[in-house]
Amino acid sequence: MKPHLLHRLTAVLALTAAAHAGDSYAVKAGTVMTMGGDPIENGVIVMQDGRITAVGKDGEVEIPWDAEVFEAPDLVAFPGMVEACISGGMDRPNESVDVTPFLDVNDSIDPVNFFYEDMRRAGVTTINVQQGDETVIAGRGMVVKPSGMTVEAMMVRPQSGMKISVAPKRGKSRAVQLMILRNAFADLRRTLEGMVQEKQDEVAKARREALAQGRDFEEPKPAGRAMEGSGWKLEGLEWVDRSTIDAKLLPLLDVVEGRLPIYLNCETPMDVLHGLAIAKENGFLAQTVLMIGASCWKVSDQIKEAGVRGVVLPLQLEHTERAPFAEEDTVTLLPEHFAEKGIPFALRSANSTTESLWYQAARCVALGVDRQQALEAITTMPADLIGLGSDVGSLEPGHHANIVLLSGDPLSLQSTVQYVFVEGRMIYDRSQDTRLQHLLEGVEPEGVSADEPVVTDIHEEERKAGGE
Amino acid sequence: MILTTLMAAAAPALAGGGTGVSLMVHAEYLHVGPGEVVRNALVQVDEGQIVAVLPGRSAPDGALSVHSAMAGMVDASARTTGDPSAVEQSKEIITQLSVQDALDPFDPAWGRLARTGVTTALIAPPDLNVIGGLTVVVKTAGAPRLEGRVLEGKPILRGAIGDQPSARNSPAFGRPRNYFARRPTTRMGVEWEWRKAFFDAGQAERFPEADFEGADVLRACLKGDVRVMIQAWTTADIRTACYLDEEMQREGYGDLDLVIDAGAEAWKEPAFLQRTGTSVVLPPFPASGRSGERSFMPWNTARVLLDKGIPVALSGHGGTSPKTRLGDQAGFAMRGGLTFDEALAAVTTTPAALLGVEQRVGRVAAGMDADLVLWNGRPFEATSAIVGVVASGDVVLQPR
């Protein structure tokens, strides 16, 4: 057996032996940045059944006698990062139909998509997968972890929200986009009104018949429940049995009743204002997370006043506005602006090198944001936004054991993700990451390509002869 | 010079006339050059030049005070002129014209580039024919007239090997349809143009009746008086450029002083570059590794080349948006294994030497141009940003 194969086999054995659910496991790291308090030097994280049971200084925390201990004295432990809303890892993230609240990314998530591999490599362990921006009302999303061969194995929280796009999809004007968006809710209302009316007519008819036949009429009891939510309310909805409502419309009723988090995609300030108005009218304002474009800082006061769940900043953290005739550009630093306005924000990412969560957080620090707030924007803040603040985002007892072991400070250019644990299982080991070796060192994984041709200098002898 | 320094040190206030100091910059860490850091340094500037660098000072009133400062960066492939009118295309080989005449000093792109910390830039004719002409090195800020901003460096002839020079051409069958109905239309044709140009120029030295317009520049290249900068993304194109050099040597025509621009795949066969003494200007780091003309550039490319002793300059290709700027490239090169000092050299002293302007730019020292990049943290780190830029003594980006 070749040595590298042996090595790989032992690594696989180590991975499977590492931490089975039910077993106790502990990670000792040089520094543990819990994000729930001060960093702990020579820290230890104890976990059982996929959750953290204790975090503290080595020697002060009791490690169960049967626990397997992973020693990483040179590494920094950091909570697995959290992606608040991203359209990746799906078979085509956008539907061509405009309004599709009845769809679910459950059917489009592709567990072997490279996207999840990239996420592991970047230390992201919780991902809220939502449909893309080229929609009006998209299907429902799902929070997943980037490990597992089936969607069920990856699932952390199903039906975790819905993407609604105020910014026009390709080929549409803003006017049409907004018309379709408003009509979707108006259609829902009309349909429900019709159902209530039908039910009331039915009862009235039965009552008249009973009267005509001289029978006692037993008034029926409502079959459903009254409409909830903070937007428009439909009187008499309790008369409608909800199971009789078209399944294509039901998810939209969940939205209006404030049961589904909404990720509202807004490119420009005007999108934000229209979006906030539609959200308020239809009762999902308090559930709304704004996915904003770079120029949306201009309506930060309105965003603050509206009381949305939160804001996710764009990849581009600097907004540059060019005056057409003057040479000067006006640059607005988004993280600094939102921090000064007191609007908490999360960050989003695109790829695993130059636009990953850690890099975006580092750029926040460069652009004048307090380091702690920048770190929160990739851990606890997005965890809160997706409603999993008590499960992920920090290394605290009771939380999922999602841990990233880095070679140094999470925000340093020279730090690298060495190991990733999700729910107590090691899902990433850098030394086994052949694709990363290709990207970083140009080393092709063995067997994937022909060897480079051996280039010999065919003129070597001639030249030597000429030189003499 | 010494007198000026002493006077300035005695009267640190800016206001006083006759001190001979128009601007002072104080940095906790002054990166004078690769491997040289001066703590709490005060840089005194007058008339566009650095007059003194004083260590161990506190920031006087009126000085710009920052965490770190370094020399203005030099981009050896700034590409601010994508305009097709910046290159003569009536022939495939244009050697006697310079791109200097096509530059617009009023283009706001210069100011944008200056504010990213690039204070010196090599501008080359766009690669729309095989050899586009002579390049020019300019300061990105300063005098309103171009004459005051051009730096006298080593003359450089610019051309390209690969897809780009032939990309828009189509063969002129029958009646030529338009301007681009011309040859070459393939990579082979581009290579043939290169070899023919140098071969003809070399031959013309022996047979004067065969001389042609522009051949003198090609002969100057063969003598090494004019540097030859060739854009070659892929390993095949880099190999072709090196073979060209070796062929000219073998024929006894001379030895080309080669620089490969956008050498994304230079890491694959560094032996060629070592053998021909060729330097490399790298293109911006691609996040996915996939770079121009279907090349692949891993993140440790700069590391590999430096380990083989090949001089490496980084370039942002004139990018002014986040992640494309030259300062970002230095950070990415550090992620790929460069030390801080190597990264600093790759954006200052190395490109300055490539362009032959190392006497004026690339280091922070008395007598050098007053080009400074001011940072709010350690330069190039992801957690640091450029907060101020001084170019030729002018504050083009005021520290926040």
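Quick caveat: nothing in here was measured; it's all calculated off a predicted structure. To find a chain, count down the sequence lines: A is the first, B the second, and so on, and within it residues start at 1.
- Other residues, nucleotides and ligands contribute only 12 or fewer heavy atoms inside 6.0 Å of the CG atom of A:Asp38.
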I'd like to know whether B:Glu381 forms a side chain to side chain contact (heavy atoms under 4.5 Å, CB included) with A:Gln414, so could you lay out the CA-CA distance, the side-chain angles of the two residues, the decisive distance to 0.1 Å, and finally the verdict. CA-CA 9 Å; B:Glu381 275 295 339; A:Gln414 277 120 323; 3.3 Å; yes

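- Most heavy-atom pairs under 4.5 Å with chain A: of the set B:Ala382, B:Ala385, B:Gly289, B:Gly377, this distinction falls to B:Ala382.
- Interface remark: B:Thr339 contributes no atoms to any contact with chain A (heavy atom separation under 4.5 Å).
- To the nearest 0.5 Å, atoms CZ (B:Arg378) and OG (A:Ser412) are separated by 8.5 Å.
- In terms of heavy-atom proximity, A:His438 sits nearest to B:Phe296 at O-CE2, 3.4 Å.
- For A:Glu318, the part lying near chain B is the side chain, with the backbone staying farther off; criterion is any non-hydrogen pair under 4.5 Å.
- The part of B:Leu338 that comes within reach of chain A is its backbone (N, CA, C, O), which places non-hydrogen atoms under 4.5 angstrom from that chain.
- A donor-acceptor pair under 3.5 Å is formed between the side chain of B:Arg335 and the backbone N or O of A:Ser415.
- Heavy atoms of other residues, nucleotides or ligands lying less than 6.0 angstrom from CZ of B:Arg195 number 12 at most.
- In this structure, the separation between CG on A:Leu413 and CZ on B:Phe340 is 12.0 Å, given to the nearest 0.5 Å.
- Considering all non-hydrogen atoms of both residues, A:Ala366 and B:Asn376 come closest at O-ND2, 2.9 Å.
- Contact of B:Glu247 with chain A is not made at all, since no heavy-atom distance falls under 4.5 Å.
- If you take OH on A:Tyr359 and OG1 on B:Thr383, they are separated by 10.5 Å, rounding to the nearest 0.5 Å.
- When B:Ser321, B:Gly252, B:Ser384 are compared by the number of non-hydrogen pairs under 4.5 Å with chain A, B:Ser384 comes out ahead.
- Pairing each heavy atom of B:Arg325 with each of A:Arg363, the nearest pair is NH2-NH2, 4.0 Å.
- Neither the backbone nor the side chain of A:Gln437 comes within less than 4.5 Å of any heavy atom of chain B.
- No side-chain heavy atom of B:Asn300 sits less than 4.5 Å from a side-chain heavy atom of A:Leu440.
- Of all heavy-atom pairs between B:Lys323 and A:Leu315, the closest is NZ-O, 4.0 Å.
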